[in-house]
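Structure, as structure tokens:
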Amino acid sequence: MSTTPPPSPPPGTAQAPTAPLIMHGQYIKDLSFENPRAPQSLIEQTQPQLTLNVQVGNRQFDAKTFEVFLTIEASAKTPKDEPLFVLELVYAGTVSLGEVPQEAYGPLLFIETPRLLFPFARAVVANATREAGFPPLNIAPVDFVALYRQQLEANAGKMPGPGDGQVGHA
């Protein structure tokens, strides 16, 4: 049994469309965890007050290649307002956009790419808090569509696009 490559399209015909979004890689760009009251913070059993902030940003490398990053900041304090931990994570991925209209760039960069990155960033946060001696911090799913809409409202309807910096707070 032999395999032959599929025939090439005849000259002058259109090639198959490319994917609208290609993920090249993802990585931890920055990770910081502070446990300022250890070991006392691990001995006390109090219900912490958690604060969580999620933002999306991007940086353009060329016409269709971008770095998209999630910035996650989480902190916990005791009821007496003493810090238990402070976590900061910048989790990023590099993507290329296919042949899509310019108005699709914002949704692809600020909604679809963060949806792909989020589960991995969430795991990093859970592992970091667990390794620090706390119960794992399992972040609830983030509505990136709502974050994007918040940014649209903040910019008076102007869609965020390439290189427009960070979007929203969750």
Side-chain angles (χ1 to χ4, degrees), residues 5-6 8-35 50-76 85-132 136-170:
S8 300
T13 60
Q15 294 287 330
T18 61
L21 180 72
I22 299 168
M23 178 76 69
H24 298 290
Q26 50 188 356
Y27 43 91
I28 296 172
K29 190 163 181 152
D30 186 30
L31 175 61
S32 171
F33 190 95
E34 298 175 27
N35 190 353
L50 291 171
T51 303
L52 180 68
N53 182 25
V54 178
Q55 296 182 337
V56 180
N58 75 65
R59 183 169 61 123
Q60 188 169 5
F61 292 118
D62 63 37
K64 297 212 175 235
T65 305
F66 301 85
E67 176 185 54
V68 177
F69 46 91
L70 294 176
T71 302
I72 299 174
E73 298 169 343
S75 64
F85 70 79
V86 177
L87 177 138
E88 296 175 5
L89 170 67
V90 178
Y91 193 83
T94 54
V95 297
S96 291
L97 301 181
E99 297 301 320
V100 295
Q102 186 75 27
E103 57 270 8
Y105 280 31
L108 286 171
L109 295 173
F110 291 107
I111 299 171
E112 296 307 320
T113 302
R115 281 184 182 163
L116 295 172
L117 296 174
F118 181 75
F120 300 97
R122 180 179 190 246
V124 170
V125 169
N127 288 334
T129 53
R130 186 191 73 237
E131 293 294 328
L137 176 57
N138 292 312
I139 303 171
V142 174
D143 185 352
F144 292 105
V145 173
L147 288 178
Y148 185 67
R149 287 181 179 152
Q150 283 176 354
Q151 186 65 24
L152 284 176
E153 289 173 13
N155 288 339
K158 178 186 171 283
M159 291 203 322
D164 278 352
Q166 298 201 346
V167 173
H169 300 274

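When reading the values below, keep in mind they use all heavy atoms of this one structure, side chains included, and skip hydrogens, waters and symmetry mates.
Separation of atoms CD1 (Ile72) and CG (Leu31) is listed at 10.5 Å; rounding is to 0.5 Å. Once rounded to the nearest 0.5 Å, the distance linking CG of Leu89 with OG1 of Thr71 reads 8.0 Å. The structure places CG of Leu97 at 9.0 Å from CD1 of Ile22, a figure rounded to the nearest 0.5 Å. Note that CG of Asp143 and CD of Gln150 are 9.0 Å apart. Values are rounded to the nearest 0.5 Å. Atom CG of Leu117 sits about 11.5 Å away from atom CZ of Phe69, to the nearest 0.5 Å.
Across all non-hydrogen atoms, the minimal contact from Gln26 to Leu116 is OE1-O, 4.2 Å. A pairwise comparison of heavy atoms in Pro107 and Tyr148 identifies CD-OH, 3.4 Å as the closest pair. Residues Ser96 and His24 share a closest heavy-atom pair of OG-NE2, 2.6 Å. Between Phe144 and Phe110 the shortest heavy-atom distance is CB-O, 3.9 Å. What you find for Val100 and Pro20 is that their closest heavy atoms are CG1-CB, 3.7 Å.
Ring-plane geometry between Tyr105 and Phe66 is classed as perpendicular, the angle between the planes exceeding 60 degrees on a 0 to 90 degree scale with a lower cut at 30.
In this structure, Thr113 contributes its side chain and Val68 its backbone to no donor-acceptor pair below 3.5 Å.
Taking Arg130 as the reference, Asn127, Pro136 meet the side chain to side chain contact (heavy atoms under 4.5 Å, CB included) condition, with sequence neighbours excluded. For Glu73, the side chain to side chain donor-acceptor pair (under 3.5 Å) criterion is met by Asn53, not counting sequence neighbours.
The number of heavy atoms from other shown groups lying within 6.0 Å of CZ (Phe120) does not exceed 12.
The shortest side-chain heavy-atom distance between Ile139 and Phe118 falls under the 4.5 Å cut-off. Glu88 has its side chain out of reach of Glu34: every pair of non-hydrogen atoms, C-beta onward, lies at least 4.5 Å apart. Side-chain atoms of Val145 and Arg149, non-hydrogen and from C-beta on, do get closer than 4.5 Å to each other.
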